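Some notes on the structure that comes next.
Predicted, not measured: the structure shown is a model, and the values here were computed from it. Worth knowing before you read on, the calculation uses all heavy atoms, side chains too, and leaves out hydrogens, waters and symmetry mates.
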Amino acid sequence: MSMEITLSREDIVRLCERVEGAQTRAYAIPKLTDEYPGMTIGDGYAVQLELRRRFLARGHKQVGWKAGLTSKAKMKQMGVDVPSIGFLTDRMARPENAAISTADLVHPRVECEVAFVMKDELKGPGCTAGAVLAATDYVLPAVEIIDSRFSGFKFDLPSVVADNGSSARFVGGGRARYARDLDLRTLGVVLEKNGEIVAMGASAAVLGHPAEAIAMLVNILAELGESLPAGSFVMSGGITEAIAVKPGDSVIARFQELGSVSMRFVE
Amino acid sequence: MNEEQIQHYGDALYDAWRERRTIAPLLEQEPDITLADAYRIQLRYIERRVAAGETIVGKKIGVTSKPVQDFLGVFQPDFGQLTSGMVYQEGDVIDLGTLIQPKAEAELAFVLKEDLQGPGVTAMDVIRATDYVVPCFEIVDSRITDWKIRIQDTVADNASCGVYVLGKAKGDPRKLDITLAGMVLEKNGELHSTGVGAAVQGSPANAVAWLANTLGELGIPFKAGEVILSGSQSALVPVADGDELVCTVGGLGSCRVKFSGRSAV
């Protein structure tokens with residue numbers, strides 16, 4: 001993965017403002033590489049970090065990170081061998097059983113993930129799944145509401161990284177568990193929308209084991225000169241495909257051993 | 001269909017199975033076959049196998065997932081009979097030379113400790129009557145050319161059953177969440193696909209209850225000790241000489257199977 005930055009500071013700020021406008025006012029924009037075809041993944045992260053700087057300057061609090069593009073099929077499709085990452089803030093969090101407004105979202109989709117809460121700081125490079133498990137306080141089930149700001153959910157890796165990995169909202173819930181009490185590789189998951197099963201899978205769909213996705217996230221952070229702080233909430237990536245939701249939809253994600261997470265969507 | 005036609009097609013399927021070759025879809029030869037006719041043809045085919053020395057050891061449930069039901073245009077499962085000649089133990093190598101056009105599916109198998117007599121059987125009765133569950137592979141196979149099956153073809157062909165292998169890990173459905181247990185399927189050491197118990201009729205116990213009730217209507221016994229393959233929780237996996245598959249059911253354990261030789265097609 002190239003973390004090389006090719007764009008000027010001026011271009012990075014310009015693209016950041018474009019993404020920020022689309023995120024805060026909920027409209028779709030063309031993917032950034034239409035205008036900057038030479039844009040690298042490093043450029044994408046430079047835009048994402050500028051976006052984070054602006055949000056934090058406005059008083060948003062970072063609560064953790066998310067891994068995206070963590071299934072082999074999805075990575076192959078994108079022609080990459082690493083997942084993308086994005087930051088999570090308190091403004092994106094919604095409580096379990098919440099009514100979540102879609103008025104400030106473009107075209108939201110939901111996916112089921114195993115989330116980790118860290119008790120120790122983790123630093124790459126060379127972070128392993130074993131190190132992740134040793135540094136984990138507990139795991140819990142989560143639903144991520146992703147929302148690409150790009151028209152038709154069509155993007156490439158530099159664009160989606162700049163758009164903070166399509167992060168929009170997230171709901172953690174269910175039952176907190178010690179990772180050592182579970183086989184995190186074989187947890188079954190069922191996603192229901194309005195009482196109907198719409199997606200299914202097991203946690204190995206995420207890079208063979210969700211802790212592998214967290215290790216890769218830590219190693220990407222190392223390339224960006226950062227570590228994963230103790231106390232971070234980290235989502236490991238979708239086990240199931242993402243399912244579109246609209247006002248009136250009720251969603252419940254049921255996890256083996258971890259309970260369930262529910263929410264509904266309103267105007 | 002009259003008894004003569006039923007026997008004709010049952011015998012044709014038996015001969016195709018014995019000689020490891022395929023026949024044209026039955027519906028192409030006989031467009032008016034009903035589902036009831038298809039089960040009578042299946043019965044004839046299985047009677048021929050039993051007459052040749054095999055015994056009935058259980059049942060398989062097929063067409064349990066929504067994608068397969070949508071594909072076949074039916075909105076209920078189907079079933080076939082398991083015979084003693086289909087059984088492999090974990091650790092055995094499956095000889096593809098005995099099969100025609102096999103594919104593997106990862107499933108949860110039930111072994112009953114009590115008879116289940118439908119109609120009126122619920123999923124709760126299934127749990128009560130279950131001795132244990134095990135991870136398993138069913139190797140489906142079709143005696144119909146190129147798998148060009150509609151529901152009547154597969155039912156007549158014993159629900160496309162080939163052979164099966166049960167894992168050694170036994171679980172108690174009172175201690176295991178069979179609905180939410182994950183299914184992880186690996187082929188030659190690489191992740192192939194994942195699934196979950198709910199993929200089978202909302203829960204594998206629902207599929208077994210359906211079977212008990214269907215068998216009850218048909219007057220076919222469903223006895224303690226029988227093995228029931230409850231329906232696929234994975235994608236269909238093509239298999240070839242040298243392949244090794246492992247399926248793991250979350251909270252239960254694994255079933256491992258190797259293949260050697262060449263199938264007929």
Residues, nucleotides or ligands: over 12 heavy atoms within 6.0 Å of B/Lys258 NZ: no
If I measure from the heavy atoms of chain B, does A/Glu192 come under 4.5 Å with its side chain, its backbone, both, or neither? neither
Taking every heavy atom of A/Ala204 against every heavy atom of B/Leu191, the minimum-distance pair comes out as O-CD2, 3.2 Å
What is the distance from atom CE of B/Met183 to atom CE of A/Met200, rounded to the nearest 0.5 Å? 12.5 Å
How long is the span from the CG atom in A/Leu187 to the CG atom in B/Asp177, to the nearest 0.5 Å? 11.0 Å
Can you confirm whether more than 12 heavy atoms, excluding those of B/Lys170, are under 6.0 Å from its NZ atom? no
B/Gly182 and A/Ala202 have their tightest heavy-atom pair at CA-CB, 3.8 Å
What closest approach, in Å, do A/Gln256 and B/Leu180 show between heavy atoms, and which atom pair accounts for it? CB-O, 3.1 Å
Tell me if the CZ atom of A/Arg94 is crowded by more than 12 foreign heavy atoms within 6.0 Å. yes
Check whether B/Glu186 gets within reach of chain A through its side chain, its backbone, both or neither, counting any heavy atom under 4.5 Å. side chain
Assess whether side chain to side chain contact (heavy atoms under 4.5 Å, CB included) is satisfied between B/Lys66 and A/Ile197, documenting all intermediate values. CA-CA 10 Å; B/Lys66 191 164 185 303; A/Ile197 295 175; over 6 Å; no
Shortest non-hydrogen separation from A/Val190 to B/Ala198 and the atoms involved: CG2-CB, 3.5 Å
Whether over 12 other heavy atoms sit under 6.0 Å from A/Lys154 NZ: no
So with a 6.0 Å cut-off around CZ of B/Arg128, is the heavy-atom count from everything else above 12? yes
Closest non-hydrogen contact found for B/Gly251 with A/Thr186 is N-OG1, 4.3 Å
